[in-house]
Amino acid sequence: MSPKTSVHNADIAAAFDEIADLLELEGANPFRVRAYRNAARVVGELQLDLAARLAEGGELPKLAGIGEDLAAKIAEMGATGRMHALEELRTHFPAGITELLRLPGLGPKRAAALHDRLHVDSLEDLKRAARSGKLREIPGFGERSEQKLLEAVEARLTKSRRFKLAVAAQYAEPLARYLGATVAGSYRRRKETVGDLDFLVASLDPAGAIERFAGYSEVKEVLARGTTKASVVLASGIQADLRVVPPESFGAALHYFTGSKAHNIAVRRLGMALGLKVNEYGVFRGTKRIAGATEESVYRAVGLPYIEPELREMQGELQAAREGTLPTLVALADLKGDLHAHTSATDGRNTLREMALAAKAAGMQYLAITDHSRHLAMARGLDATRLARQGREIDALNASLGGIVLLKGIEVDILEDGSLDLPAEALAKLDVVVGAVHGKLDLARDRQTRRVLAAMDSPHLDILAHPTGRLIDEREPCELDMAAVMRKARERGVCLEINSQPDRLDLNDVHCRMARDMGVTVSIDTDAHSVDGLADLRYGVGQARRGWIGKEQVLNARPLAALRRALGRKPTRVKEAS
DNA sequence: GCCGTTTTCGGCCCGACTGTTTTCAGTCG
C-alpha cells in the first residue's frame with residue numbers, strides 16, 4: 001500500500017505522544033520523554049501537512065525541537081504509515097496501558113505499579129481493582145486515590161469516542177477536497193467534538209463518486225456500500241459517510257445531513273403544516289418538487305429565512321427566524337486582532353518579532369502579547385522587571401514594524417484569594433490585562449466563584465481567560481457559578497474570553513449563548529503559543545457563532561482605536577470584594 | 001532526543017500541591 005496521503009500531522013503527533021508515554025512507563029530519561037512530547041506538540045499544531053509535503057517530494061522544514069532522529073521518524077511514517085520505534089516499544093507493554101495515563105492523578109510511576117503488582121492493563125482492569133479495594137493496598141495508593149481513580153475511570157468509560165473538531169478537520173478537509181464534497185453533520189455545525197464525518201456530493205454519477213470514495217487511500221474498512229451512499233472507517237478510526245444526490249436535491253440533502261436531528265424534525269413539521277413534504281431530496285407538494293437545490297430554497301419553502309448551521313440546535317432559532325430576529329453571527333473576517341498570545345519569553349515558542357510578523361501576515365491589525373506572570377513558574381512567568389523590559393521591546397518593534405500594532409499585556413495568574421499575581425503599578429502600565437486561573441482548579445464552587453469574582457473587581461482586569469479551565473475530554477471544568485461571573489462581568493465591564501485552542505474552547509457554546517443573552521462582551525482569542533497557533537481563531541469563532549454572538553458583542557472585532565477606547569473606559573470600582 | 005557550543009558533552013522551564021509518607025515521591029501545570 002502507499003499510505004503517503006493517509007498520514008496527517010495528528011497521526012505523527014499521536015505516535016510521538018505514545019512513544020513518550022511508553023518511555024515514561026519504562027522510566028526513560030525524562031528529557032528524552034520531553035523531547036517526544038515537545039515534538040508531538042510542534043507537529044500537532046503545524047499548519048503545513050508534513051506527509052503531503054514529503055509525498056510531493058518536498059523537504060521537511062527545519063522545526064524547532066525536531067532533530068535528525070525525529071525527522072527520520074516523521075519521514076518513515078510519511079513513507080510507510082508506520083513508526084518502527086513505536087511498534088517495538090508497544091511490544092513491551094499490554095495494549096491498554098497508555099489509556100491509564102490519560103486519567104487525572106495517574107502518572108507513569110503509579111501506572112507502572114498497577115501493571116506490575118495488580119496486572120492492571122486497561123481501564124476495565126482498573127475499575128475492577130478499584131472496586132474490590134485492592135488499589136489501596138499498593139504503596140503510594142490509599143483509600144482516597146482509590147476512590148478518585150474509580151470515579152475517573154467510570155467517567156471515562158461512559159464516554160463514547162469523539163474527535164475534537166480541529167483533529168477531525170485534519171481528516172475531513174483533505175477528503176472533502178478529494179471528493180469535491182461538502183462536510184455536513186456536526187462538523188458543519190462546528191460542535192466542539194464530532195462523532196463521525198458526513199460528506200455530501202452533488203453528482204449525476206453516484207457510482208463514480210462512491211467508487212472514488214471507497215478508493216481513498218485512507219480507507220481502512222468499507223462498512224457499507226450502495227448506489228448512493230457508503231460508509232467507511234478511515235485509518236484514523238473515524239467513520240466517514242458519503243451521500244451522493246443529484247444537484248437539484250443538494251440543498252435539501254445538505255440541510256438534512258447537517259442536522260441537528262431535532263431541528264430537521266421541526267422544519268419537516270413546519271412543512272407538513274403547509275401541506276408539504278420535506279426530505280433529503282427536496283420539498284414536495286404532492287409529487288412536485290418545489291424546492292431543494294439550495295438550503296435557502298428549503299427554508300423559503302417553509303416560510304423561513306436562511307438559518308446558519310451553527311444555530312440549528314433547537315435553541316430558539318425557528319422562533320427567531322419566524323420573528324425576523326435571527327442574529328447576524330460574527331465571522332472570522334470580522335476579527336481585527338487577537339488579545340491573548342505568548343512568546344518565548346515564557347512558554348511560547350516564537351519570539352515577539354516572529355509573532356508580530358505572523359499576526360500581520362494573518363491580516364490582524366493588532367496582537368496583544370500576554371505572557372504568563374511569575375506564579376506560573378513552570379512557564380518562567382514574568383515578574384514586573386521582565387514585563388517592563390518586554391514593554392520596551394514592544395515599543396521598539398512598534399516603531400520599526402508597519403502594518404501591525406503590538407499591545408502590551410499579561411496573562412496574569414488569579415491567585416487562590418482572587419488577587420492578581422503582579423503589583424497594580426505594573427498592571428496599570430499595560431494596554432490589556434488578561435487574567436486566568438491556573439492552579440487550584442478544584443476549589444469548591446463557592447470558593448472558586450468568590451475567587452474569580454474578586455479578581456474581576458480589580459480595576460485592572462480586562463479579560464477573564466478560559467473561564468472554566470476545562471480541557472476537552474481531559475479535564476472537567478472547574479466548579480463555577482457562571483451566572484454570577486457573567487453578572488459581574490457586565491457590571492464591571494470585564495470581557496469573558498472565548499479561548500480558541502481546540503482543546504479548550506472555553507467559554508463553550510452554552511456559555512457563549514449565556515454571555516449573549518446577558519449582554520456580556522466576549523473576546524475571541526487564540527492563546528497562541530506559536531505562530532501556528534494563530535490559525536486556531538476559527539475554532540473560537542465557531543463556538544461564538546453557536547452561541548448566537550454577533551460582532552458587536554466581540555471586543556476584538558473592533559478596530560484599534562475603538563478597542564483602545566473600550567479598554568480605557570471601564571466602570572469605576574463599585575465595591576470592594578468582601 | 002535536542003541543542004549549542006564552553007564543538008561531541010552536559011544541560012534541558014521548576015514550584016506547588018496531594019496524599020502518602022513521617023520526610024517525600026508522584027503528579028500537575
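We name chains A, B, ... by the order of the sequence lines, and we start the count at 1 in each one.
- The base of B:dG1 sits within donor-acceptor range of the side chain of A:N29, with an N or O pair under 3.5 Å.
- Following rounding to the nearest Å, A:L101 (CG) and B:dG29 (P) show an atom-to-atom distance of 14 Å.
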Which atom pairs, donor and acceptor, lie under 3.5 Å between side-chain atoms of residues 59-69 of chain A and protein residues at least two apart or in another chain?
| from | atom 1 | to | atom 2 | distance (Å) |
| --- | --- | --- | --- | --- |
| A:K62 | NZ | A:I66 | O | 2.8 |
| A:D69 | OD1 | A:K73 | NZ | 2.6 |
| A:D69 | OD2 | A:K73 | NZ | 3.3 |

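- A search for ring pair (Phe, Tyr, Trp, His ring centres under 6.0 Å) contacts involving A:Y171 returns A:H8, not counting sequence neighbours.
- As judged by a 4.0 angstrom heavy-atom cut-off over every strand, A:R475 is placed among residues touching the sugar-phosphate backbone only.
- Spacing between B:dC3 and B:dC13 at atom C1', rounded to whole Å, works out to 15 Å.
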Please list, pair by pair, any protein nitrogen or oxygen found under 3.5 Å from a nitrogen or oxygen in nucleotides 20-23 of chain B.
| from | atom 1 | to | atom 2 | distance (Å) |
| --- | --- | --- | --- | --- |
| B:dT20 | OP1 | A:G142 | N | 2.4 |
| B:dT20 | OP1 | A:G142 | O | 3.4 |
| B:dT20 | OP1 | A:S145 | OG | 2.9 |

Residues 533-543 of chain A, side-chain donor-acceptor partners within the protein, below 3.5 Å, at least two apart:
| from | atom 1 | to | atom 2 | distance (Å) |
| --- | --- | --- | --- | --- |
| A:R538 | NH1 | A:E173 | OE2 | 3.3 |
| A:Q543 | NE2 | A:R190 | O | 2.9 |

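- B:dT21 and B:dG26 have their C1' atoms separated by 12 Å, with the value rounded to a whole Å.
- Atoms CG (A:D383) and P (B:dC13) sit 18 Å apart, rounded to a whole Å.
- At distances below 3.5 Å, not a single donor-acceptor pair connects side-chain atoms of A:E154 with backbone N or O atoms of A:E151.
- With both pairing distances under 3.5 Å, B:dT8 is matched to nothing as a Watson-Crick or G-U wobble pair.
- Residue pairs meeting the ring-ring contact (aromatic ring centres under 6.0 Å, His included) criterion with at least one member in residues 415-458 of chain A, sequence neighbours excluded, are A:H372-A:H438, A:H438-A:H466.
- Comparing the C1' positions of B:dC12 and B:dT5 gives a spacing of 14 Å, expressed to the nearest Å.
- Taking the C1' atom of each, B:dC17 and B:dG4 are spaced 35 Å apart, rounded to whole Å.
- Nucleotides B:dC14 and B:dC9 have their C1' atoms positioned 24 Å apart, rounded to a whole Å.
- Under the rule for a salt bridge (charged side-chain N to carboxylate O under 4.0 Å, His left out), the partners of A:R136 that lie at least two apart in sequence or sit in another chain are A:E143, A:E146.
- The side chain to side chain donor-acceptor pair (under 3.5 Å) check on A:N556 picks up nothing, with sequence neighbours excluded.
- Under the side chain to side chain donor-acceptor pair (under 3.5 Å) criterion, A:T343 pairs with A:D371, sequence neighbours left out.
- Nucleotides B:dG1 and B:dT8 place their C1' atoms 15 Å apart, quoted to the nearest Å.
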Using atom names, set out every protein N or O paired with an N or O of nucleotides 14-17 of chain B below 3.5 Å, distance rounded to 0.1 Å.
none

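- With C1' as the reference atom, B:dT23 and B:dT18 are 15 Å apart, rounded to whole Å.
- Among residues two or more places apart in sequence or in another chain, the salt bridge (charged side-chain N to carboxylate O under 4.0 Å, His left out) test is passed with A:D532 by none.
- Residues of residues 59-72 of chain A that place a heavy atom closer than 4.0 Å to DNA chain B, in numerical order, are A:K62, A:L63, A:A64, A:G65, A:I66, A:G67, A:E68, A:D69, A:L70.
- Residue-level contact check: A:L106 touches the backbone only, with heavy atoms under 4.0 Å from sugar-phosphate atoms and none from bases.
- Identified under the side chain to side chain donor-acceptor pair (under 3.5 Å) test for residues 106-115 of chain A, with sequence neighbours left out: A:H115-A:D121.
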